Enquirer: 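Dropping the structure in here first, questions after.
Note that the coordinates shown come from a computational prediction; the quantities given were computed from them, not determined experimentally. Heavy-atom basis, side chains included; hydrogens, waters and symmetry copies ignored.
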Amino acid sequence: MIWMLFLAAIAVWVMQTLLALWQFRRFNRRFNRRVKALRRFGRVAIGKSKGRFLAGAIVLLCIDDDCRIIKGELLEGVTVFAKCRPFTSLNELNLLSLHKSVCEERGLTRQQVRAALNARQDYLSYQELQQEKRHVSVTPAGR
C-alpha cells in the first residue's frame, strides 16, 4: 500500500514538472513574439511585477527617440494562459518622468504601477550601462 502511494507521488511530481516546462516554453514563445512586434516601432522597455497573492503584471512599453511612450502592451494574469492586450494608459507620456502618482491618476492597478515603474528603472539602468561602455571604449588603455 505504501509503495502505491510512493509511486503515485512520483507520477504526480513528474507530471507537474512536465506541465511546468510546457507552460514556461509556451509563455516564452508568446512573450518573445510580442516584443519583436513592438520593436518594429521603436525601443522597448519591459517592466514586471511579481504577484504573491495577486496576479503578476508585465508591461511592454515602446518608446521613441525622446523616450515618449508610443505604444504599450500588458500581460497580466495568474497563469501562462494570460494574453497580451493593448495598454494605452501611458501613451504620450515620457518614460523618464513616470511616477507613482502619474500612474495612479491614469487608473493603473497596483501591480501595473509597479511594473511600469520597474520598466522605467530598468531603462535607466540600461542607459547608465551604455554610458559606462562608451566611456570605457573612449578612454585609452592603461589610464
Side-chain angles (χ1 to χ4, degrees), residues 2-141:
I2 298 235
W3 285 104
M4 295 281 283
L5 288 174
F6 182 70
L7 290 175
I10 289 174
V12 168
W13 179 71
V14 168
M15 182 67 98
Q16 186 268 336
T17 301
L18 292 174
L19 289 173
L21 287 171
W22 173 76
Q23 183 180 34
F24 180 73
R25 289 183 61 213
R26 186 168 186 258
F27 169 79
N28 256 357
R29 279 193 304 254
R30 180 178 290 160
F31 183 74
N32 288 334
R33 266 188 258 133
R34 297 311 312 155
V35 171
K36 281 182 185 178
L38 283 176
R39 282 193 179 142
R40 287 187 225 140
F41 298 100
R43 295 173 291 170
V44 178
I46 302 171
K48 55 196 166 299
S49 174
K50 294 181 183 178
R52 289 187 181 159
F53 300 108
L54 301 172
I58 298 175
V59 173
L60 308 169
L61 300 173
C62 184
I63 57 176
D64 63 12
D65 292 335
D66 298 324
C67 290
R68 194 151 309 279
I69 300 169
I70 56 176
K71 191 172 179 135
E73 295 209 4
L74 172 69
L75 181 67
E76 190 172 38
V78 179
T79 69
V80 74
F81 300 110
K83 296 189 180 193
C84 278
R85 62 181 200 264
F87 185 64
T88 58
S89 302
L90 300 176
N91 283 6
E92 301 303 319
L93 294 177
N94 190 303
L95 178 66
L96 302 178
S97 64
L98 276 185
H99 293 286
K100 185 176 180 179
S101 59
V102 173
C103 293
E104 289 172 346
E105 283 175 11
R106 297 283 180 128
L108 273 62
T109 65
R110 186 173 69 182
Q111 292 296 79
Q112 292 170 352
V113 170
R114 290 174 64 193
L117 295 178
N118 180 256
R120 177 186 177 274
Q121 187 58 45
D122 283 354
Y123 182 76
L124 288 172
S125 298
Y126 171 77
Q127 290 299 321
E128 287 177 19
L129 183 64
Q130 293 304 311
Q131 289 290 343
E132 288 175 16
K133 284 183 179 179
R134 280 189 219 119
H135 178 66
V136 169
S137 65
V138 171
T139 306

Enquirer: Using a 3.5 Å distance criterion without hydrogens, assess whether the side chain of Arg39 forms a donor-acceptor pair with backbone atoms of Val44.
Expert: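 Pair absent, no side-chain N/O of Arg39 close to backbone of Val44.
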Enquirer: So, using side chain to side chain contact (heavy atoms under 4.5 Å, CB included) as the criterion, who are the partners of Arg40 when residues are at least two apart?
Expert: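 With sequence neighbours excluded, Arg40 shows a side chain to side chain contact (heavy atoms under 4.5 Å, CB included) to Ala37, given in chain and number order.
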Enquirer: Side-chain contact, heavy-atom cut-off 4.5 Å: Leu117 with Gln121?
Expert: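 No - every pair of side-chain heavy atoms lies 4.5 Å or more apart.
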Enquirer: Taking atom CG as the centre, does Asn32 end up with more than 12 heavy-atom neighbours from other residues, nucleotides or ligands that are less than 6.0 angstrom away?
Expert: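 It does: Asn32 CG has more than 12 such atoms within range.
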Enquirer: From Leu21 CG over to Arg26 CZ, what is the distance, rounded to the nearest 0.5 angstrom?
Expert: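 Between Leu21 CG and Arg26 CZ, I get 15.0 Å after rounding to 0.5 Å.
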Enquirer: Could I get the full list of side chain to side chain donor-acceptor pair (under 3.5 Å) partners for Gln127, not counting sequence neighbours?
Expert: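 Checked Gln127 against side chain to side chain donor-acceptor pair (under 3.5 Å); matches are Tyr123.
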Enquirer: Quick one: which of Lys133, Arg134, Glu128 gives a side-chain contact (heavy atoms from CB on, under 4.5 Å) with Gln131?
Expert: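 Of all the options given, the one that passes is Arg134.
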Enquirer: How long is the straight-line distance from CG of Leu61 back to CG of Asp122, given to the nearest 0.5 Å?
Expert: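 So the gap between those two atoms works out to 11.0 Å.
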Enquirer: Among all residues two or more places apart in sequence or in another chain, which pass the side chain to side chain contact (heavy atoms under 4.5 Å, CB included) test with Ile10?
Expert: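 Partners of Ile10 by the side chain to side chain contact (heavy atoms under 4.5 Å, CB included) criterion, ordered by chain and then number, come out as Phe6, Val14.
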Enquirer: The test is side chain to side chain contact (heavy atoms under 4.5 Å, CB included); show your working for Val35 and Leu60 and say whether it passes.
Expert: CA-CA 7 Å; Val35 171; Leu60 308 169; 4.0 Å; yes
Enquirer: Which residues satisfy the side chain to side chain donor-acceptor pair (under 3.5 Å) test with Glu73, sequence neighbours excluded?
Expert: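 Arg34.
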Enquirer: Go through Leu98 and Cys103 one step at a time and tell me if the side chain to side chain contact (heavy atoms under 4.5 Å, CB included) criterion holds.
Expert: CA-CA 7 Å; Leu98 276 185; Cys103 293; 4.2 Å; yes
Enquirer: Not counting sequence neighbours, list each pair that qualifies as a salt bridge (charged side-chain N to carboxylate O under 4.0 Å, His left out) and has a residue in residues 84-108.
Expert: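 Pairs touching residues 84-108 that pass the test: Glu76-Arg85.
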Enquirer: Quick one: does Ile46's side chain get under 4.5 Å of Val59's, heavy atoms only?
Expert: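 With C-beta onward as the side chain, the pair stays apart.
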Enquirer: Where do Ala116 and Leu90 come nearest, in terms of heavy atoms and distance?
Expert: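 Scanning both residues completely, I find the closest heavy atoms to be CB-CD1, 3.8 Å.
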Enquirer: Asn94: which residues meet the side chain to side chain contact (heavy atoms under 4.5 Å, CB included) condition with it, sequence neighbours left out?
Expert: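 For Asn94 the side chain to side chain contact (heavy atoms under 4.5 Å, CB included) partners, ignoring immediate neighbours, are Cys67, Arg68, Leu96, Ser97.
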Enquirer: I need the minimum non-hydrogen distance between Leu74 and Ala57, along with the two atoms involved.
Expert: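 Here Leu74 and Ala57 meet closest at CD1-CB, 4.3 Å.
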Enquirer: Not counting sequence neighbours, which residues clear side chain to side chain contact (heavy atoms under 4.5 Å, CB included) with Val12? List them please.
Expert: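 Side chain to side chain contact (heavy atoms under 4.5 Å, CB included) check on Val12 returns nothing, list empty.
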Enquirer: By ring pair (Phe, Tyr, Trp, His ring centres under 6.0 Å), which residues pair with Phe31, not counting sequence neighbours?
Expert: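 Ring pair (Phe, Tyr, Trp, His ring centres under 6.0 Å) check on Phe31 returns Phe27.
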Enquirer: Quick one: which residue pairs count as a side-chain hydrogen bond (donor to acceptor under 3.5 Å, both in side chains) with a foot in residues 8-20, not counting sequence neighbours?
Expert: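 The answer is none; no pair qualifies.
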Enquirer: Please check this pair: side chain of Thr109 against backbone of Gln112, looking for a donor-acceptor N/O pair closer than 3.5 Å.
Expert: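 Looks like yes, one N/O pair under 3.5 Å.
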Enquirer: Among residues at least two apart in sequence or on other chains, which ones pass side chain to side chain donor-acceptor pair (under 3.5 Å) with Arg110?
Expert: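 Side chain to side chain donor-acceptor pair (under 3.5 Å) list for Arg110, sorted by chain: empty.
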Enquirer: Hey, what do you get for CD1 (Ile69) to CZ (Phe87), rounding to the nearest 0.5 Å?
Expert: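 Reported to 0.5 Å precision, the distance equals 8.5 Å.
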Enquirer: If I compare all heavy atoms of Lys48 with all of Ile58, which pair ends up nearest, and what's the gap?
Expert: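 It is CB-CG1, 4.2 Å.
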Enquirer: Any chance you could measure Ile70, atom CD1, to Leu95, atom CG, to the nearest 0.5 Å?
Expert: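 Output value for this atom pair is 12.0 Å.
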Enquirer: Quick one: side chain to side chain donor-acceptor pair (under 3.5 Å) partners of Arg114, sequence neighbours excluded?
Expert: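 By the side chain to side chain donor-acceptor pair (under 3.5 Å) rule, Arg114 matches Gln111.
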Enquirer: Where do Leu93 and Val102 land on the side chain to side chain contact (heavy atoms under 4.5 Å, CB included) test, with the steps shown first?
Expert: CA-CA 9 Å; Leu93 294 177; Val102 173; 3.8 Å; yes
Enquirer: Can you name the closest pair of heavy atoms from Lys71 and Leu38 and give their distance?
Expert: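 What the structure gives for the nearest pair is CD-CD2, 3.7 Å.
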